[in-house]
Amino acid sequence: MTHRDAPSIRSPTRLVAALAVLVVAALVVGCDAGGPPATPASPSEALHASIPIDTLAAPPAAGLAGLADPAGASLPGALGSYTWLDEGSDAPWILPSSGGRAHVGAEVSVSFEPAVAATTWVARWAPISADAAGDVASAAEGTGRVLFAAPTAAGSWSLQLEAAFGAGRNAVWYWRIEIP
Amino acid sequence: MKRLLAILLAVLVLGTASAPTLAHGPDPILTGGLFAQNKVLQYRWTSSGTPPLDMKLAIHAARDDSNASRKSKSPSFDYDGGASNVVYYGADVPCGTNGLACFRRDTPDWFGLWFRPNGTRFDWGTLRWCELSGAPDGCYDAENIALDEFGHVLVLAHHANFSDASDYRDAVVQTFSRTKPRAAYNAHVFGRCDVAALQQAYDILTYSTLHSTCFDVPTVVTLAVSDSSVSSGSMVTFTATLTSAGDGRLSNNPMSGRTVVLQQRTSTGWTDVLTLAGTSTAGQYRGSLTARATHDYRSLFRGPSNEGAETDGSPAITVFVSSTCTGTCPQSSVSVR
């Protein structure tokens, strides 16, 4: 019998990795103290830089990138249910009043602010009908970097992303996406 | 061409990642610790946020739902006007931006629940509690949401749904709440995966309580024999023990009230020869038979369809029978004592 709980950030390997990230981040900040914030060399570098989850008292914000509109920008997700240590909130499957547009099958990604790394995630797409999300039509799941494809069918879609950030921390975000 | 590539990429990504998880594991639990087993957690309304009568009734009903369906040694809930734990109804809540209700817990002594009021406007729409709004479609069942919150207080985190969320009914403590008339919008008992997590965290209610079918708990069955070397016609007594071998509090628990059989090895495999009867000792099963020939025996517990327990068989025991008959000896005959 195996627990489905995601591994804790407190594991030695992750702790060392987190400390390494902190040291590198401190060096970067220290060398550029008077200038503008350091810009990661590449998007993938930004995705992999993360802060220890223990520093967050509440779920991070989530942004969806890879959209045709807003192009080159990150679309904020609507926070739904979450449990964060010993508190939490329960929400419905949220259909935001506004959203973005993606190409058919486009590769989209989600990043978090502050930059924390998800240990596991599930992305679910449900078609919107009569201004309500229907049953889940497709899904993707993974560990680490949140990267998946938009549906291959045109239409109005509701996207749910459920992400865990180690034991005791889990949150869900929603987007409304049009696929022409 | 780009469109074709995009479709191929999508097929590849979805094809490799979208297969729903087919079997449950234990649901995640909150990390802040447990309340004492079987503790009675009392709550009261706050003076600044007393719910309207129908909301009170819904929350009390959820309390009863939780107490009746926990099937574990998790705490129960009761109302007491002098309690330190609070339930609030109103606009001043610490819930998330889109939260209908929320909780905080501080084990081993305290918890709080907050419910947003009927008519609260969100970006996505207006909150309607079914109990307060004449139960139109699109409303939220307050009893179901309150049961969800009580589950959180006990220790439950949100259910780990399959990728396609087809297992929504397996839990009340869900990642998203459904409105009337979607399936399970008004579930008033903990789902099997809620119960499984409570059992693993707090232990099963009694040794005869069935393990929830959310996932299968490993089991260990043993077998002992009164005498492994007897003369033909002697009565031999077999004693089996059945225990759980799961994680958390589902480890090394005697399992009573189950069906454990004694099997005998034949030329074609193992055959049931006797259903062992439960004894007054928890998890112990016993039966006797008249031995007339040397055979291998084992005890077997078959994981039943109504319980989340794995099948297990004991190591074989050989009962050597010295022949006292001449010519062809009769086959073993079985009698239960």
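By convention in this document, chain letters (A, B, ...) are assigned in the order of the sequence lines, proteins followed by strands, and residues within each chain are numbered from 1.
The residues A:Arg176 and A:Asp131 are annotated as salt-bridged, a charged nitrogen and a carboxylate oxygen being separated by less than 4.0 angstrom. Ionic pairing of B:Arg182 and A:Asp135 is present here: one or more N-O contacts between side-chain nitrogen and carboxylate oxygen are shorter than 4.0 angstrom. A salt bridge links A:Asp54 to A:Arg169: at least one charged side-chain nitrogen sits closer than 4.0 Å to a carboxylate oxygen. Comment: B:Asp167 does not engage B:Arg192 in a salt bridge, judged by the lack of any side-chain N to carboxylate O separation of less than 4.0 angstrom.
Neither side chain, B:Asp65 nor B:His188, offers a donor N or O lying under 3.5 Å from an acceptor on the other. Between the side chains of B:His211 and B:Asp216, no donor-acceptor pair is found at a separation under 3.5 Å.
With a 4.5 angstrom heavy-atom cutoff, A:Ala133 touches chain B only via backbone atoms. Contacts of B:Tyr140 with chain A are made by side-chain atoms alone, with heavy-atom separations under 4.5 Å and no backbone atom involved. Looking at B:Thr97, there are no atoms closer than 4.5 Å to chain A (heavy atoms on both sides), in backbone or side chain.
Contact tally against chain A (heavy-atom pairs below 4.5 Å) for B:Thr179, B:Thr31, B:Val93: the top residue is B:Thr31. Taking A:Leu79, A:Val136, A:Thr83 one by one and counting their heavy-atom pairs under 4.5 Å with chain B, the maximum is reached by A:Thr83. When each of A:Ile94, A:Leu95, A:Val122 is scored by its heavy-atom pairs under 4.5 Å with chain B, the top score falls to A:Ile94. Most heavy-atom pairs under 4.5 Å with chain A, from the set B:Ala165, B:Cys95, B:Pro94, B:Ala101: that is B:Ala101. Each of A:Gly88, A:Gly168, A:Ser97, A:Ala123 has some count of heavy-atom pairs under 4.5 Å with chain B, and the biggest count is that of A:Gly88.
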